[in-house]
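Numbered from 1 within each chain, the chains take letters A, B, ... in sequence-line order.
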Amino acid sequence: MTAVCRVEDVPVEGGVCALVDGTAVAIFRTHDGNLYAISNYDPVGMASVLSRGIVGTRGGAAYVASPLHKQGYDLRTGQCLDDPEVRVATYDVRVDDGVVWVGTS
Amino acid sequence: MSPHLRRTLRRTLVVVGHGMVAHRFVQAAVERGLTETHDVVVIGEEARAAYDRVALTSFFEVGADALSLLPSGVYDDPRVRLLLGHAVEGFDLEARTVLVDTGEVIAYDELVLATGAAPFVPPVPGHDLPGCFVYRTVEDLEAIRDAAATARSGAVIGGGLLGLEAANALRGLGLETHVVEMAPRLMAVQVDEAGGATLARHVEGLGLHVHTGARTERVLGTDAVTGLALADAEPLEVDLVVFSAGIRPRDQLARAAGLEVAERGGVLVDAQCRSSDAHVWAIGECAAPAGRMYGLVAPGYAMAEVVVDALLGGAGTFEGADLSTKLKLLGVDVASFGDAFATTDGALELVFADAVAGVYKKLVVSDDGRRLLGGILVGDASAYGVLRPMVASGIDLPANPEELILPQGRGGAEIALPDEAQVCSCNDVSKADIVAAVSDGGGCDSASCVTRCTRAGATCGSCKPVVKKIVEDHFASIGRTVDRSLCEHFALTRQELFDVVAVHQYTSFDQIVAAHGTGRGCDVCKPVVASVLASTVGGHVLEGATAVLQDTNDAYLANIQRNGSYSVVPRIPGGEITPEKLIVIGEVARDFGLYTKITGGQRIDLFGARMEELPAIWRRLVDAGFESGHAYGKSLRTVKSCVGSTWCRYGVQDSVQLAIDLELRYRGLRSPHKLKGGVSGCARECAEARGKDFGVIATEKGWNLYVGGNGGANPAHARLLAGDLDTETLVRYLDRFLMYYVRTADRLQRTAPWVDSLEGGLDRVREVVVDDALGLGAELEAAMATHVAAYADEWKATLDDPEKLRRFVSFVNAPDLPDPHITFRSERDQAVPADSDGPVLLGAAIPVGRPR
Ligand code: SRM
Ligand SMILES: Cc1cc2nc3c(=O)[nH]c(=O)nc-3n(C[C@H](O)[C@H](O)[C@H](O)COP(=O)(O)OP(=O)(O)OC[C@H]3O[C@@H](n4cnc5c(N)ncnc54)[C@H](O)[C@@H]3O)c2cc1C
Ligand code: SF4
Ligand code: FES
């Protein structure tokens, strides 16, 4: 796993993008304090932007809306909530002593 | 050979006249494929393409362009040739040619006459003195307006529907106005004596002088009109006279060519609208099907459709028409429908009259009391929408028909219309058509959409309330409450949310969602909350917890582009810019390699900035005196200007100065949707101000203020809110208008649909903004004053605050590493996004910063 930033660097209900093993990873912090990591690449808009989306809930699930065309992605599973065919990769994330660690394998 | 078969030779169809009916004819010809076999040549004598003559009086308010039925001046179909400003001088039935006043001779296979009618001017002495007018064309109205500028009083000869409309217009132009009617009552064709008396009381109550049973003997004056001499009455002192004493079909060409005409004028045609020559047809007001002419547009439209059908080999016929009318004159409702004068054998009359309230209603029913034959309504015509279709469809009356005309609360009943009832008579749309449009597969979800798709309500508009009611009833019947919740998190509209936030003085999303919502919000409600908080609390959009509420573009104070890069738009108020500033923009664009384009909003857009470059770019721009242009915000964009009186030889006011002042006043104002303004220095309107949410057009006396315009997907022209304002009043009205909009509009609702959504529409806006009917004026102005005082450039504030700058990094652990997903190629010597085909993997060797 790679240490990418401190927890405070990730805004509550916001995201940051980190480079982990050459991959652009979007890291989000939800209102309840949980951290999630998914691919930063929006496969519909075809651009690396997901960390810049609005974070909230759909149904019960924490999700992010792509800033390009607003498709929602479940932060736990990477599943696109507007298209069952689309899913983005998710990554392991944990906090150790205030530092956020992300793994890509 | 049937016309359906493919022909080897194209045929020529000539249309004489380009009025309302000719236009409908050409539209139908194109839509129904007649132009596949025919070239169409349309020759119109008026200089402008067909316009909405029915709405002619609104010319004084909205100008000629708004009335046009063919704003582009050409038909999309290249097989239609439109020749305007030229009259046909004659035609030859043998040779099948028409002669145009240019000398051109055009051969036709089929000839359609749509020459309309001309006002009848009684041959009284003096009828041709300067100061005498008719009321038929835009040019007539322009001439009346010009003459009214120096006149004090005027008379309209003729107290019919058109005469009253003309009288209303004279009153609107500030003249002391007389109506002179030969018959013993007003609107003699439509209403009976009691109805006419009620109408006259209303009209007189509004300050018009009504003279009924009065015959004009001569128009007085030697070089110009000075008065009117009446039989058996004192002469009237007036400076201008408008003749509105009926119309005559324009059938002279047909007479000269030897076609049969009806006894009382009009080209005599059969039920297919074919004249006595098999290749000549007549439609609209110049035609007399079965010997009778119709002075209304709906029968003309029906005739147009019949002829297109006949030329396609169809068998459609014109079977007479409904001459019902409903109008609102000087605030008085008048309606007349069906057999209003009870001429049917054995017909019974039911009358309700309330002299105090000025209401008169009469129903004409069949002798068995079971069918409604017609009626007259004066003072309150709200039942018209239900009654007229009952006549047309012949449905059975309820047991107590008088209930239909009793005022609400005294037992007035609601009657359900049958499916086949014709709701819109102008465009022949039934209730079933409307319900179909809003049902599954119909695709409409609102009354305004139904009007666009079915045309119901698109012509005279009198059926609009019924259309709306049918749509709402339909939604109610399928259990669909028209749900106006913002999203799953808030069962409130934007306006309700605004009120809740203002009342409780909330300052954060957390407070609002805890008290009034569920969950943690989404991409719909969060930007709305951000916008509302910007209005109620103010402050920087990236301040603290509001940063994560902002929509895509506000979140980085720039517009995101397809490849994840951003565009930069500095404000250029009014479009005015110094050479020095232009040079700075050029240098910044060059140094950062940005694609540069002049926008449609009179400024310059720099595309292709990487997110982490935005602060450096803006440092340079801010240092040179630029500020954010809010191209990213649902907020004021630009106030477009024309060069105005400073340079332009036509300009009457300094439009640039006002545009700059308004842009600086309202910059940064967060609103339900984006806002655009425009200021033109004269009526030539080079700034396209009427295409903006607020548009200002200079007049000799000050400024005219128009509101509710936009381009975009559903273009709308702004409409006049108030005229000849001084600058201070203009700004006051604008402050109120904009704040009223900010507070009450729906999410992503531009000003035009917002105005339409208000009960009373533009009139309501005028009541609130100009008349201050709600007493809200001072509060709205104060709210705007607060906004103006608190304004600060968002980009400068961001550059000054390390906290806000923290988000402008490509990677949190490699802040300045350019994101390799963003690449460019070159086109016309500038950078443009290269297409992405998937996520990029960087070599693991790229050095990455450690967390602090
Ligand atoms: C750059 C520009 C086109 C150009 O190259 O000229 C442009 C570009 C965009 N327009 Fe526009 N519009 C631009 C002038 C216009 C105009 C013309 C005008 O302002 O006179 C119109 C029609 C007039 C109007 O708005 O009434 C216009 C009607 C729209 C609409 C439709 C709005 C509507 O009510 O239907 C949208 C979509 C929206 O806002 O929801 C839109 C949205 C957009 C967005 C913001 C789409 C987006 O979210 O990415 C584009 C991004 C701009 C950027 O990246 O900077 N743009 N857009 C123009 C910028 C003007 C400026 O200086 O700010
Ligand atoms: C102020 C006003 C209010 C009205 N209100 C209503 C209303 O509320 N409801 C309603 O149903 N109707 C109303 N009408 C009537 C309605 O406008 C007419 O019924 C309708 O315009 C008729 O259409 P048309 O095409 O037959 O004639 P027009 O619209 O008059 O068009 C005929 C055109 O042919 C041109 N023309 C004539 N001769 C020649 C030639 N030789 N060569 C070339 N061109 C020629 C004329 O210049 C004209 O432009 C109103 C009319 C007026 C003036
Ligand atoms: S609108 Fe009038 S003042 Fe302005 S540039 Fe055009 S012609 Fe000149
Ligand atoms: S009845 Fe005139 S528009 Fe519908």
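- Defined by atom type and a distance below 3.5 Å, a donor-acceptor pair is present between the side-chain atoms of N563(B) and S565(B).
- Side-chain atoms of Y632(B) and S628(B) form a donor-acceptor pair, as typed in the model, at a separation below 3.5 Å.
- Contacts between S810(B) and chain A at a heavy-atom distance below 4.5 Å involve the backbone alone (N, CA, C, O).
- Between S39(A) and the choices T90(A), V25(A), V88(A), L50(A), the side chain to side chain contact (heavy atoms under 4.5 Å, CB included) rule is met once, by V88(A).
- Note: Y595(B) and F607(B) have perpendicular aromatic rings, judged against thresholds of 30 and 60 degrees for the angle between ring planes.
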Going through the distances and angles, do R670(B) and D554(B) end up as a salt bridge (Lys or Arg N to Asp or Glu O under 4.0 Å)?
CA-CA 11 Å; R670(B) 289 297 196 288; D554(B) 290 273; 2.7 Å; yes
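- Using modelled atom types and a 3.5 Å distance limit, the side chains of H673(B) and R750(B) yield no donor-acceptor pair.
- Neither the backbone nor the side chain of D835(B) comes within contact range of chain A, judged by heavy atoms closer than 4.5 Å.
- The number of heavy-atom neighbours closer than 6.0 Å to CD of E8(A), taken from other residues, nucleotides and ligands shown, is above 12.
- Listed in order of number, the residues of residues 53-78 of chain A that approach chain B to under 4.5 Å between heavy atoms are I54(A), V55(A), G56(A), T57(A), R58(A), G59(A), Y63(A), A65(A), P67(A), L68(A), K70(A).
- Aromatic pair Y556(B)/W618(B): centroids not less than 6.0 angstrom apart.
- Put simply, of T552(B), D819(B), I822(B), the one with the most heavy-atom pairs under 4.5 Å next to chain A is T552(B).
- Top candidate by heavy-atom pairs under 4.5 Å with chain B, chosen from G15(A), A47(A), C17(A), is C17(A).
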Could you walk me through whether E13(A) and R520(B) pass side-chain contact (heavy atoms from CB on, under 4.5 Å), step by step?
CA-CA 9 Å; E13(A) 295 199 315; R520(B) 288 302 308 170; 2.8 Å; yes
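- Contact check on E496(B) versus R494(B) returns no salt bridge, with no Lys/Arg side-chain nitrogen under 4.0 Å from an Asp/Glu carboxylate oxygen.
- For V809(B), no part sits under 4.5 Å from any heavy atom of chain A, backbone or side chain.
- The number of heavy atoms from other shown groups lying within 6.0 Å of CG (D32(A)) is above 12.
- Below 4.5 Å, heavy atoms of chain A meet heavy atoms from D523(B), K526(B), P527(B), all part of residues 523-544 of chain B.
- Here the NZ atom belonging to K634(B) is positioned 7.5 Å from the CG atom belonging to N553(B), to the nearest 0.5 angstrom.
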